[in-house]
Amino acid sequence: MNVTLTIAGSDSGGGAGIQADLKTFQELGTFGTSVITAITSQNTQGVHAVHAIPVQDVESQLKAVLDDFPIQAAKTGMLFSAAIITTVSRLMKAHNIPLVVDPVMIAKGGASLLQQEAITAMKTELLPLATVITPNIPEAEVLTGMTIVDDATMIAAGQALLTIGVKVAIIKGGHLAGSHTARDIIVSTDDIFIVETPFITTKDTHGTGCTFSAALTAELAKGTALREAVTIAKQFIQAAIQHPLHLGSGHGPTNHAAYHNFEKVQVTLYDDL
Ligand SMILES: Nc1ncnc2c1ncn2[C@@H]1O[C@H](COP(=O)(O)OP(=O)(O)OP(=O)(O)O)[C@@H](O)[C@H]1O
Ligand SMILES: Cc1ncc(CO)c(N)n1
């Protein structure tokens, strides 16, 4: 059994955060473990409260999991504070575990999930340990100081992230204004490629970023090569958005079971860049 780990915040609404990660890990045939960094009181309408877990409790959860489980890949989501980032980075540095960093900053409704002063710690302590980083466009802009408007600027931002020490940058295009496609660009030192699916107009997109990065983590844990792992993660999130559950009155969760319950999604790959 391949073991995965998520270090993230709890979403009481079940569509994002730890809950999305564990459901996705399970769907893709891995055994999910978790370290909770914060408890959010959240539903489809928004984030109503955030309670950060004391840093010593984050540390003891992470030690407990790392000491006893053969973790094959880990991901981070909501980390909230510089102190939590410093602790997670220190402990992960001592282990050679493939790490997917989803640099969660702001929830879809606008609530802050990462304190402003934590961005430096993320850049200097966590990103050098990242195998893969999965920023959306606003997050990539904050981390690089660049303005992203098209493929060329997405690639340039990805390359800027590589200089921080990240091995692979996946810049997610879901937020690009006026886009009819959900186009993500993958930049590594030896390869640049694009995965693309049709953009789906829906309000049920709560937790898309968490779900995508968790699917990628599960595939990396199984030893799937990068291109194939990204393609499966893209199929997983596209299916989850395409077959909504219509839960709640706001931004509903995606359907984490859709990848197995519906027909396979077509992903277009461009690699002649
Ligand atoms: N409406 C959509 N239709 C199809 N694919 C989408 C849509 N929205 C996002 N995606 C895809 O979902 C994945 C997650 O990207 P997204 O940009 O939504 O992450 P995010 O903004 O980090 O999410 P979150 O709000 O959960 O933090 C990417 O592959 C993106 O292209
Ligand atoms: C706990 C948590 N993590 C991440 C996100 C981003 O979708 C969210 N809304 N809530």
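Whatever order the structure lists them in is the order used to number ligands and atoms, beginning at 1. Quick note: residue numbers are just sequence positions, from 1. Predicted model only: the values in this text are computed from it and were never measured.
- Inspection of the His206 and Thr44 side chains reveals no N or O donor paired with an N or O acceptor under 3.5 Å.
- Looking at Pro198 against ligand 1, only its backbone comes within 4.0 Å, counting heavy atoms.
- Heavy-atom proximity to Gly207, at under 4.0 Å, picks out these atoms of ligand 1: 26 (O).
- Judged by the 6.0 Å distance and 45° axis criteria, Arg183 is positioned over the aromatic ring of Tyr270.
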Please lay out, stage by stage, how Glu59 and Arg90 fare under the test salt bridge (Lys or Arg N to Asp or Glu O under 4.0 Å).
CA-CA 10 Å; Glu59 175 157 0; Arg90 176 168 49 78; 3.0 Å; yes
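- Residue Val47 does not touch ligand 2, judged by heavy-atom distances below 4.0 Å.
- Selection from Ile200, Ile106, Thr201 by nearest heavy atom to atom 3 (N) of ligand 1 gives Ile200.
- Closest heavy-atom contact between Gly15 and Thr211: O-OG1, 4.3 Å.
- Applying the 4.0 Å criterion to heavy atoms of Ser10 picks out, from ligand 2, the atoms 1 (C).
- Closest to atom 31 (O) of ligand 1 by heavy atom, among Asp102, Val230, Val104, Asp184, is Asp184.
- By the criterion of a heavy-atom distance under 4.0 Å, both the backbone and the side chain of Thr208 are placed next to ligand 1.
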* Which is it for Glu141 and Met146 under the side-chain contact (heavy atoms from CB on, under 4.5 Å) test, yes or no, and what are the steps along the way? -> CA-CA 5 Å; Glu141 288 184 328; Met146 299 165 79; 5.9 Å; no
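- Counting only N and O atoms by type, the side chains of Lys167 and Thr189 include no donor and acceptor under 3.5 Å apart.
- Heavy-atom proximity to atom 4 (C) of ligand 2, evaluated over Ala107, Cys210, Gly77, is greatest for Cys210.
- Residue Thr124 holds its OG1 atom at 9.5 Å from CD1 of Ile164, rounded to the nearest 0.5 Å.
- Remark: the His260 side chain and the Glu27 side chain contain an N/O donor-acceptor pair separated by less than 3.5 Å.
- Of the protein's heavy atoms, Leu113 CD1, 3.5 Å lies nearest to atom 5 (C) of ligand 2.
- On a distance-only criterion, Glu139 and ligand 1 share no N/O pair closer than 3.5 Å.
- Side-chain atoms of Thr224 and Glu219 form a donor-acceptor pair, as typed in the model, at a separation below 3.5 Å.
- Residues Thr197 and Gln266 share a closest heavy-atom pair of CG2-O, 3.8 Å.
- Residue contacts with ligand 2, taken as heavy atom pairs separated by less than 4.0 Å, do not involve Ala38 at all.
- Here the shortest heavy-atom pairing between Val132 and Leu216 reads CG1-CD2, 3.8 Å.
- Closest to atom 1 (C) of ligand 2 among all protein heavy atoms lies Gly9 O, 3.4 Å.
- Note on ligand 2: Ala111 sits outside its first shell, no heavy atom being nearer than 4.0 Å.
- Relative to atom 23 (O) of ligand 1, the option among Gly209, Ser213, Ala240 with the closest non-hydrogen atom is Gly209.
- Checking Lys172, Lys234, Glu196, Gln238 against atom 4 (C) of ligand 1, the nearest heavy atom belongs to Gln238.
- Of the listed residues (Lys108, His206, Gln42, Met78), the one carrying the non-hydrogen atom nearest atom 10 (N) of ligand 2 is Gln42.
- Using a 4.0 Å cutoff on heavy atoms, Ile241 counts as a contact of ligand 1.
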